[in-house]
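Beneath this line is the structure, given in structure tokens, with notes to follow.
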Amino acid sequence: MGLTVSGEARRYGLEELCRRAGLRAADWRRWRIEARADGLELRRLEGGGRIVFPAAKGALCQDRMVRKGWLGQGPATANGAVTDFVVPFATGDSAEGEPLFVETALREYRCTEDLAASAVLVLSRYEEMGSELRDEHGRFPADASVAVRDGYMERPIVDEWGLALEQVIAALEPGFRAERRLRVMVSHDIDVIGIPFGLREPAVQLMKHRKAGVAMRDLLSGFTGVLPGSLGQVMEICRETAARGLKSAVYWKASAKTRFDSGYDIGDARVARVMDWVRSEGGEMGVHPGYYTFGNFAELAAEVERCREAMGERYVGGRQHYLRWRPETWEEWERLGLAYDSSVGFAGRVGFRAGTCWPYAPWLWKENRRARLLEIPLIAMEGSMISPLYMGLEPDAAVAAVRDLLRKCAQAGGVFTLLWHNNRFGRPYEAYLGRIFNELAGMGNYEWRDEVAGWPGGEVAG
């Protein structure tokens, strides 16, 4: 299938590559992106030199992937971890194994793929648009993705292209080096809080998780004003992050009771008490729209508004329930004036669904522009690793997977995101939680407000 990419979309793709290569606002006094008849070029204004990014002459193909090499020997910053570059959406005449960038003349380099187009296609999840492949929850399944098919789901390929571009920029500007710093964002989807009272949740806590104290508090909450044990677990999971120097993002629901939604009252006074406690501990509030908001803008808008009223905050982010997400969801969240989404991860696998661990403003194909919304890709969810329905990893394997993802996020200078639900304590999670959280201890927290300062609604960033 041939793909068409506009000039504006290609420029967006190159801008995202430049970000990942280390170019910052001050650097654009020395560099400029210019249009060419055959594509784009990144030109150095001081001292000369240019990097050419040609537009593909042949049709880009979703079923065509090639591997490319470094320009000469890979730089020391790569530490040997990136030995080649995976480029999906290649053309039929793409050459396997050649360098991703080649020197074509004095102070001139040329990209050997339509990398700007590939970047926007990967980041925008183009392959999911219009696809009829869906699982039982209406989600695009991980195993249907080209990343799983071609074996690179665990690689942030777009960020790796930034490493290759950094090498070429440094060849034209000696001494140039990107500043890369790993940051962490831990979030919690609050699906169950023991309100309204029912026997199912205490039974699950007692029989499945072996959390007798939590089950007892859930039972007592039905007849007294005591805080339900499941709601108390919101504080418990936040304490786990705080003990390791991390902050929590807590995403609340305002959906009616359905087969897939517990239907708790977000306006309950006990919920307000826990929200106040989370804020006092430095955590943030966010939204977790229910199962049936997927593809239903009216219901999405209503639930987001109920969350905003209960939280007393409007400029927030969050995540879709069950990770029921599609590229059009970005448009819906932007229309509601939300700050960020963190739904772009697969339920069935950990890794890099959008080929990146860098937060970014996604490309909206229908409007041919960058969104006024931040995407903070979801890299790992506890259920993806632990559930036998998905990866079913034993504790040692889960910890090893997290370490590998952390290493790749660190090399890219991106953000490692972890989702851990508030009610995932006890069996079997007790064998995983402490060990995985310990891997994140002492790492810097990601501050999304720094990214959206100056955006509509982003005045809260200061």
May I ask you to check whether over 12 heavy atoms, not counting those of [X], lie within 6.0 Å of atom [atom1]?
X	atom1	answer
R24	CZ	yes
E136	CD	yes
E179	CD	no
E394	CD	no

Stepwise side chain to side chain donor-acceptor pair (under 3.5 Å) test for W363 and E8: CA-CA 10 Å; W363 186 255; E8 294 86 354; over 6 Å; no
CA sep, side-chain torsions, deciding dist, call: R403, E439, salt bridge (Lys or Arg N to Asp or Glu O under 4.0 Å): CA-CA 7 Å; R403 285 177 180 167; E439 295 294 321; 3.0 Å; yes
Measure from the side-chain N and O atoms of [X] to the backbone N and O of [Y], and report whether any donor-acceptor pair falls under 3.5 Å.
X	Y	answer
S342	I376	yes
S131	L133	yes
S384	A380	no
E281	A242	no
S280	W277	yes
R353	P377	no
E284	A249	no
E303	G290	yes

Geometric cation-pi criterion R19 and Y360, 6.0 Å radius, 45° cone: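 No - R19 does not lie over the ring of Y360 by the 6.0 Å and 45° rule.
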Does the side chain of [Y] come within less than 4.5 Å of [X]'s, by heavy atoms?
X	Y	value
F346	F140	yes
D63	R149	yes
M443	R244	no
S255	Y292	no
Y390	V350	no
V287	W333	yes
L246	N445	yes
L300	Q320	yes

Single hit among H188, R319, H321 for side chain to side chain donor-acceptor pair (under 3.5 Å) with H288: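 Answer to the side chain to side chain donor-acceptor pair (under 3.5 Å) test with H288 among H188, R319, H321: H321.
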side-chain contact (heavy atoms from CB on, under 4.5 Å) evaluation trace for D150 with V86: CA-CA 9 Å; D150 293 332; V86 175; 5.8 Å; no
Nearest 0.5 angstrom please: [X] [atom1] to [Y] [atom2], how far?
X	Y	atom1	atom2	answer
Y315	Y340	OH	OH	11.0 Å
L14	I33	CG	CD1	4.0 Å
Y264	I193	OH	CD1	5.5 Å
L373	W330	CG	CH2	9.0 Å
M285	C307	CE	SG	11.5 Å
C357	Q411	SG	CD	10.0 Å

Pairing of [X] and [Y] as salt bridge, 4.0 angstrom limit:
X	Y	result
R279	E313	yes
R407	D404	yes
D189	K253	no
E382	R435	no
D159	K408	no
E127	R125	yes
R11	E15	yes
R424	D191	no
R314	E305	yes
R239	E236	no

Working for side-chain contact (heavy atoms from CB on, under 4.5 Å), residues L440 and L406: CA-CA 8 Å; L440 313 183; L406 279 166; 3.7 Å; yes
For [X] against [Y], the heavy-atom pair lying closest together:
X	Y	answer
C409	F352	SG-CE2, 3.9 Å
Y12	A361	OH-O, 2.8 Å
F437	T241	CE2-CG2, 3.5 Å
A56	T91	CB-CG2, 3.5 Å
A398	M385	O-SD, 4.1 Å
A412	W358	O-NE1, 2.9 Å

Trace of the salt bridge (Lys or Arg N to Asp or Glu O under 4.0 Å) decision for R370 with E16: CA-CA 11 Å; R370 184 187 294 265; E16 288 297 320; 2.7 Å; yes
Test salt bridge (charged side-chain N to carboxylate O under 4.0 Å, His left out) applied to R326 and E331, E332, E128, the passing residue: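 When E331, E332, E128 are each tested with R326, the salt bridge (charged side-chain N to carboxylate O under 4.0 Å, His left out) holds only for E332.
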F260 and H137 aromatic centres sub-6.0 Å: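 Ring centroids of F260 and H137 are less than 6.0 Å from each other.
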Stepwise side chain to side chain donor-acceptor pair (under 3.5 Å) test for E240 and W420: CA-CA 11 Å; E240 291 286 350; W420 203 284; over 6 Å; no
Pair I436-Y429, side-chain contact (heavy atoms from CB on, under 4.5 Å): steps then yes or no: CA-CA 10 Å; I436 289 175; Y429 305 100; over 6 Å; no
R349/E154 under side-chain contact (heavy atoms from CB on, under 4.5 Å): CA gap, chis, key distance, verdict: CA-CA 9 Å; R349 286 176 175 260; E154 289 76 32; 4.0 Å; yes
Test log, rule side chain to side chain donor-acceptor pair (under 3.5 Å), inputs T356 and R20: CA-CA 10 Å; T356 185; R20 288 160 176 78; 3.1 Å; yes
